[in-house]
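Okay, structure first, notes after.
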2 protein chains.
Amino acid sequence: MAARSYGQYCGITTAVELIGERWAMLIIRDLMVGARRYTDLQRGLPKIPSNILSTRLKELQEAGVVRRAPLYRTGLVYELTAYGRQLEPILLALGRWGFPKMGEPGPDDLVTADSLTMALRTAFRPDAAAALPAADYELHVGEVALRAQVDRSDLRIAQLAPNPALSPAAVVGDPDVVFAAGPGIRLVISGELTPAEAIDAGVVHIISGDATVLERFAETFHIDPLEARSAA
Amino acid sequence: MAARSYGQYCGITTAVELIGERWAMLIIRDLMVGARRYTDLQRGLPKIPSNILSTRLKELQEAGVVRRAPLYRTGLVYELTAYGRQLEPILLALGRWGFPKMGEPGPDDLVTADSLTMALRTAFRPDAAAALPAADYELHVGEVALRAQVDRSDLRIAQLAPNPALSPAAVVGDPDVVFAAGPGIRLVISGELTPAEAIDAGVVHIISGDATVLERFAETFHIDPLEARSAA
DNA sequence: CCGGATCCGAATCGATACTG
DNA sequence: CAGTATCGATTCGGATCCGG
């Protein structure tokens with residue numbers, strides 16, 4: 001099943017033929033967080049038809065972007081190849097580019113653990129973080145719970161819920177702050193609301209810990225809606 | 001006509017909904033070179049159905065990526081908005097990413113002026129160029145003829161043929177070298193062939209000027225097929 | 001020529017059901 | 001868990017047509 005060709009001999013065209021089909025980028029986004037089983041991908045992309053997921057995974061393997069690997073004795077996972085991982089800066093740049101156009105979530109829009117993980121990576125500013133003390137956040141959005149640990153310019157994110165099984169490693173210690181947020185959290189990321197204002201507006205709710213640490217959060221995770229940020 | 005939603009509230013998803021439809025990226029690629037009329041786009045994308053082009057242009061305007069502008073007294077062009085131009089580093093990074101998978105061109109694959117222009121931008125290495133003397137190349141690939149002027153880390157490309165009308169400005173002076181290349185030029189870009197080898201192999205043919213200037217070309221325009229290059 | 005709009009068959013996608 | 005199979009709903013592709 002050769003992909004429908006655009007009939008052009010060009011690197012951009014080739015890239016789009018490899019990863020431009022519907023759903024492909026979102027599969028790659030989830031695999032960017034870590035290896036995932038078929039059913040993990042289904043949970044993370046609830047609206048993807050099963051046959052499309054199956055087809056895309058085959059195409060992405062054919063393209064050298066994804067590979068199958070055994071898991072335990074029986075079971076298997078899909079994971080990005082080295083070539084697929086090279087898409088990371090592109091995916092992060094796309095996320096920053098799309099951020100200003102997110103608007104309000106539709107009634108059926110949901111936030112998954114993997115999409116939120118990548119959203120935090122998207123908004124992460126290593127340079128800003130390096131100038132701040134280390135911080136340890138626990139963030140709840142709907143059913144999703146993440147632990148984000150920032151140490152200098154290094155970010156590590158673990159998924160606590162709803163599916164902590166495949167998290168990279170056990171997380172030790174206690175977070176500096178535990179907070180819950182709605183979709184309005186994007187206004188904090190964009191700088192339209194300060195953390196204090198977000199708490200007052202009910203967009204963010206402190207569950208435990210030190211609310212002032214959220215100031216650091218807002219500086220560390222930020223996307224300026226107007227600024228053309230290079231993909232670096 | 002709301003784009004079919006992926007049902008996720010996420011910047012990457014939003015980006016893909018805005019520019020992920022079939023043909024959209026290639027329209028943007030051509031507009032990245034300069035403003036284009038409807039029929040220019042058709043010529044640059046010979047395989048795009050007219051109704052798809054029309055639909056995409058409407059969607060991209062709706063998305064704030066493209067805008068219509070008057071041209072002369074009658075006539076009109078499509079051009080990227082500032083928001084659309086922010087895609088440039090992403091598009092260039094995608095071109096670099098896809099480059100190693102280009103393989104041999106299919107029998108129906110063609111090279112257009114805009115795709116070749118963007119391919120040169122994709123492969124351009126400002127740092128390498130800055131360390132070299134200025135150079136002025138005239139490159140022919142099939143019917144397409146480009147003039148690429150490199151001065152320090154600055155690259156300017158003008159389209160001489162087949163459609164020089166919309167080129168940004170008249171090009172003055174004579175190029176250092178005029179050469180014709182086939183698709184095998186990618187082996188020079190990748191470093192698999194030196195310019196001398198490419199000439200011997202018939203991949204590159206010197207029409208006039210100094211063949212040794214091609215050494216500079218190979219250093220200036222280069223994509224390492226293995227190296228994971230950041231999108232910066 | 002320019003800038004599309006319209007029509008229609010072919011291919012893909014989406015939803016659901018089903019299976020080793 | 002990891003997919004196929006089926007089938008109606010959409011979209012795409014190719015061609016033609018039309019007003020300026």
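For clarity, every value in this text was computed on a predicted model and none was experimentally measured. The chains referred to below are lettered A, B, ... by the order of the sequence lines, with proteins before strands, and numbering in each begins at 1.
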TODO: Return the set of residues passing salt bridge (charged side-chain N to carboxylate O under 4.0 Å, His left out) with D176(B) (not counting sequence neighbours), or none when no residue passes.
DONE: none
Task: Spacing between K47(A) atom NZ and dG14(C) atom P, to the nearest angstrom - done: 9 Å
Task: Interatomic distance where CD1 belongs to I52(A) and P belongs to dC7(D) [whole Å] - done: 17 Å
TODO: Specify the separation, in whole Å, of atom CG of L53(A) and atom P of dA15(C).
DONE: 14 Å
- [ ] Grab the CZ-C1' distance between R22(B) and dA10(C) for me, whole Å please.
- [x] 13 Å
Open item on the list: Run the side-chain contact (heavy atoms from CB on, under 4.5 Å) test on D30(A) and Y78(A) for me, step by step, so that the C-alpha distance in whole Å, both residues' side-chain angles and the decisive distance to 0.1 Å come before the verdict.
Closed with: CA-CA 10 Å; D30(A) 283 11; Y78(A) 293 90; over 6 Å; no
Open item on the list: Let me confirm one number: the CG-CZ distance from L26(A) to R56(A), rounded to the nearest 0.5 Å.
Closed with: 11.0 Å
Open item on the list: Whole angstroms only, please: what is the CD-P distance between E21(A) and dT11(D)?
Closed with: 15 Å
Task: Sequence-aligned protein contact record of nucleotides 2-9 of chain C, with B where the base is within under 4.0 Å of a protein heavy atom and S where only the sugar-phosphate is - done: SSBBBB--
TODO: Would you kindly give the CD-to-C1' distance between E59(A) and dC13(C), to the nearest whole Å?
DONE: 12 Å
Open item on the list: Please determine whether salt bridge (charged side-chain N to carboxylate O under 4.0 Å, His left out) holds for the pair D108(B) and K47(B), giving the CA-CA distance in whole Å, both sets of side-chain angles, and the decisive distance to 0.1 Å.
Closed with: CA-CA 10 Å; D108(B) 297 349; K47(B) 294 188 64 174; 5.5 Å; no
- [ ] On the 0 to 90° scale, with breaks at 30° and 60°, tag the F179(B)-F217(B) ring pair as parallel, tilted or perpendicular.
- [x] perpendicular
TODO: Mind calculating the distance between CG (D108(B)) and C1' (dG13(D)) to the nearest angstrom?
DONE: 15 Å
Task: Side-chain N,O (R4(B)) to OP1/OP2 (dA9(D)) below 4.0 Å - done: no
Task: Rounded to 10 degrees, the angle between the two terminal axes of the helix from dC1(C)-dG20(D) to dG20(C)-dC1(D), each from five pairs - done: 30°
TODO: Inspect the surroundings of CD in E192(A) and state if more than 12 heavy atoms from other residues, nucleotides or ligands are less than 6.0 Å away.
DONE: yes
Open item on the list: dC12(D), OP1 or OP2 - any side-chain N/O from W23(B) closer than 4.0 Å?
Closed with: no
Task: Exercise: identify the closest heavy-atom pair between Q149(B) and D136(B) - done: NE2-OD2, 3.1 Å
- [ ] Could you tell me the separation between the CD1 atom of I27(A) and the P atom of dA2(D), rounded to a whole number of Å?
- [x] 15 Å
TODO: Tell me whether the guanidinium CZ or amine NZ of R22(B) lies under 6.0 angstrom from the six-membered ring centre of Y6(A) and within 45° of its axis.
DONE: yes
Open item on the list: Checking Y38(B) against S54(B): is there a side-chain donor and acceptor pair closer than 3.5 Å?
Closed with: no
